[in-house]
Amino acid sequence: MIDVNDIRHQFPTLHQEVNGHPLVYLDNGATTHKPQVVIDAISHYYEKLNSNIHRGVHFLSQQATDAYEASRETIRQHLNAQHLHEIIFTKGNTEAINLVANGFRQILQEGDEVLVSAMEHHSNIVPWQMACQSSSATLKVIPMDEMGVLDMDSYKNLLSDKTKVVAVNHISNALGTINPVKQMIQWAHEVGAAVLIDGAQAGPHCSIDVQDLDADFYCISGHKVYGPTGIGALYGKEEWLKKLPPYQGGGEMIATVSFDKTTYADLPHKFEAGTPNIAGGIALKTAIDWINQIGLDNIVSYEKELVDYATEELSKIEGIRFIGQAQEKAGVISFIVGDIHPYDMGMILDKLGVAVRTGHHCAQPVMDQFCIPGTVRASFAVYNTKEDVNRLVEGVIKAQTMLS
Amino acid sequence: MASIQDIQQDIIDEFDMFEEWMGKYEHIIDLGKSLPLIEEQFKTKDNLIKGCQSRVWLHAQHKDGKVIYTADSDAIMTKGIIALLVRAFSEQKAQDIVEADTDFINQIGLKEQLSPTRANGLVSMVKQMKLYALAFQSQN
């Protein structure tokens with residue numbers, strides 16, 4: 001059971017007025033707020049530990065290194081990775097995808113194919129476009145239907161021995177669809193393709209087991225799981241991480257350096273050039289611990305209740321059209337009302353203290369498929385309440401009255 | 001024809017009547033609805049100013065020493081602001097437009113609408129209006 005009042009008390013940013021109204025924050029798909037323990041963990045690092053990691057023999061450096069590496073272990077457990085060195089710290093989900101896509105530039109050849117889905121956001125499209133461009137491989141798109149569900153028959157038909165990579169999100173940021181990634185990975189493996197799962201939205205909304213999924217790469221973003229911005233993690237199977245070339249050169253990622261030749265460090269350091277976001281890395285552990293203390297299962301079932309309630313209440317509004325109506329959904333409700341432009345709706349909701357995302361959610365191809373300029377997206381976190389939903393619904397009705 | 005400055009003052013006075021944001025917004029929405037539509041032939045890719053959130057079309061022509069603007073947007077709030085900008089700048093001399101400031105949008109309490117971070121295309125639109133005026137001015 002969730003005690004939402006107790007949870008809300010832990011989030012200082014939630015307790016403020018916006019435009020004269022108590023803040024209703026429903027833009028969690030963009031980023032979540034941070035509980036006090038996470039904020040404290042960042043301060044604690046700078047107040048007590050501040051030191052560079054992995055290189056100092058002195059006390060503070062060791063302490064900071066231990067805290068940072070403890071976070072890697074927490075992430076390993078959270079994703080159920082087999083080995084600690086399969087967890088690479090990144091600055092976020094986008095960097096993780098770029099790291100992998102960049103590595104594949106050297107592996108892909110002319111005639112090879114990379115598959116992405118029609119519901120990807122730009123950060124899981126553009127890095128692959130760039131990789132295909134520089135290797136003369138071809139990017140192909142797994143289509144989706146009008147409900148926002150991937151067409152699995154088409155996916156199966158697209159797979160062939162030419163397919164080298166499949167990159168799909170676990171949960172769509174624009175539509176909330178939960179994709180059947182386990183099945184997709186299995187089919188991709190049958191043709192020998194590697195699979196990257198973008199877990200940016202899945203991180204806060206479902207439990208992840210990379211071994212059970214048999215994912216080759218899986219990435220999460222810290223700031224979407226109640227952690228700091230500028231930190232995230234990439235899981236990669238050992239064999240793949242060994243195969244991929246380093247992403248960036250610099251300190252930390254080397255074993256020996258001379259002007260003739262540099263040998264690279266072992267995993268995971270091969271992919272972690274330079275001084276990382278140490279405070280962020282340490283505080284990401286705090287965020288994951290915080291989630292686990294509440295219990296991911298509790299969070300998932302509470303959020304489902306909220307999303308169901310919101311869907312039910314919103315559907316009473318005349319002219320509302322939900323974009324993305326998959327059976328399996330999490331965390332997100334995307335909609336438009338009549339012919340009201342999402343931007344107009346968002347402006348008025350903002351004045352009423354309700355924070356939602358409007359626009360194309362960095363997923364323009366998704367909007368093109370539905371022939372709309374964008375949507376209004378309400379996305380939920382464990383600290384949201386039914387009262388938040390009521391305020392959203394009132395706001396949408398108010399905006400509708402003003403705009404029509 | 002009143003000067004740009006006079007028109008801007010009229011607009012400021014007009015908005016002073018509304019004490020709350022809602023009145024202002026409703027007025028903007030009404031203005032947006034009444035903005036004469038840009039002719040379809042001018043709603044071209046070349047005339048499109050891209051914003052992340054809403055799109056703006058702007059067309060300008062120079063006639064009898066004056067610049068005439070017509071514009072449109074797919075979002076009604078954006079269109080309302082456009083209506084104000086067109087009202088202030090259309091049918092004015094190119095040089096006056098080049099020299100005019102756009103602070104009246106701030107003064108009527110809609111500063112956020114013209115913030116570059118809004119990504120609604122309006123900031124680029126103002127810039128584009130001035131660029132047209134500058135181009136017409138240099139033709140003379």
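Source: prediction; values computed, not measured. Below, chains carry the letters A, B, ... as their sequence lines are ordered, and counting in each starts from 1.
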Turns out that what part of B/I29 lies under 4.5 Å from chain A's heavy atoms comes down to side chain

NE2 (A/H341) and NZ (B/K79) are apart, to the nearest 0.5 Å, by 11.5 Å

Interatomic distance, CG@A/N19 vs CH2@B/W21, rounded to 0.5 Å, equals 8.5 Å

To the nearest 0.5 Å, atom CD1 of A/I340 lies from atom CD1 of B/I76 at 10.0 Å

Looking only at heavy atoms, the pair that brings A/M402 and B/K33 closest together is O-NZ, 4.4 Å

When the 4.5 angstrom heavy-atom criterion is applied to A/T401 and chain B, the contacting part is neither

More than 12 non-hydrogen atoms from neighbouring residues, nucleotides or ligands closer than 6.0 Å to CD on B/Q5, yes or no? no

* **Polar side-chain atom of A/D344 near backbone of B/A75 as donor-acceptor pair, under 3.5 Å** => no

Should we say atom CD of B/E20 is surrounded by more than 12 heavy atoms from elsewhere, each under 6.0 Å from it? no

Under 4.5 Å to a heavy atom of chain B? For A/L403 that would be both

Rounded to the nearest 0.5 angstrom, the NZ-OH distance for A/K351 and B/Y25 is 4.5 Å

What do you reckon, is CD of A/Q16 surrounded by more than 12 foreign heavy atoms closer than 6.0 Å?
yes

- prompt: Quick check: are there more than 12 heavy atoms from other residues, nucleotides or ligands sitting under 6.0 Å from NZ of A/K398?
  reply: no

Closest heavy-atom pair, B/D74 versus A/P373, reported as atoms and distance to 0.1 Å, is OD2-CB, 4.2 Å

Original post:
For atom NZ of B/K43, is the number of surrounding heavy atoms from other residues, nucleotides or ligands below 6.0 Å larger than 12?
Top reply: yes

Check the surroundings of atom CD in A/E318: do more than 12 heavy atoms from other residues, nucleotides or ligands lie under 6.0 Å from it? no

Please indicate whether A/D339 has more than 12 foreign heavy atoms, meaning atoms of other residues, nucleotides or ligands, lying under 6.0 Å from its CG. no

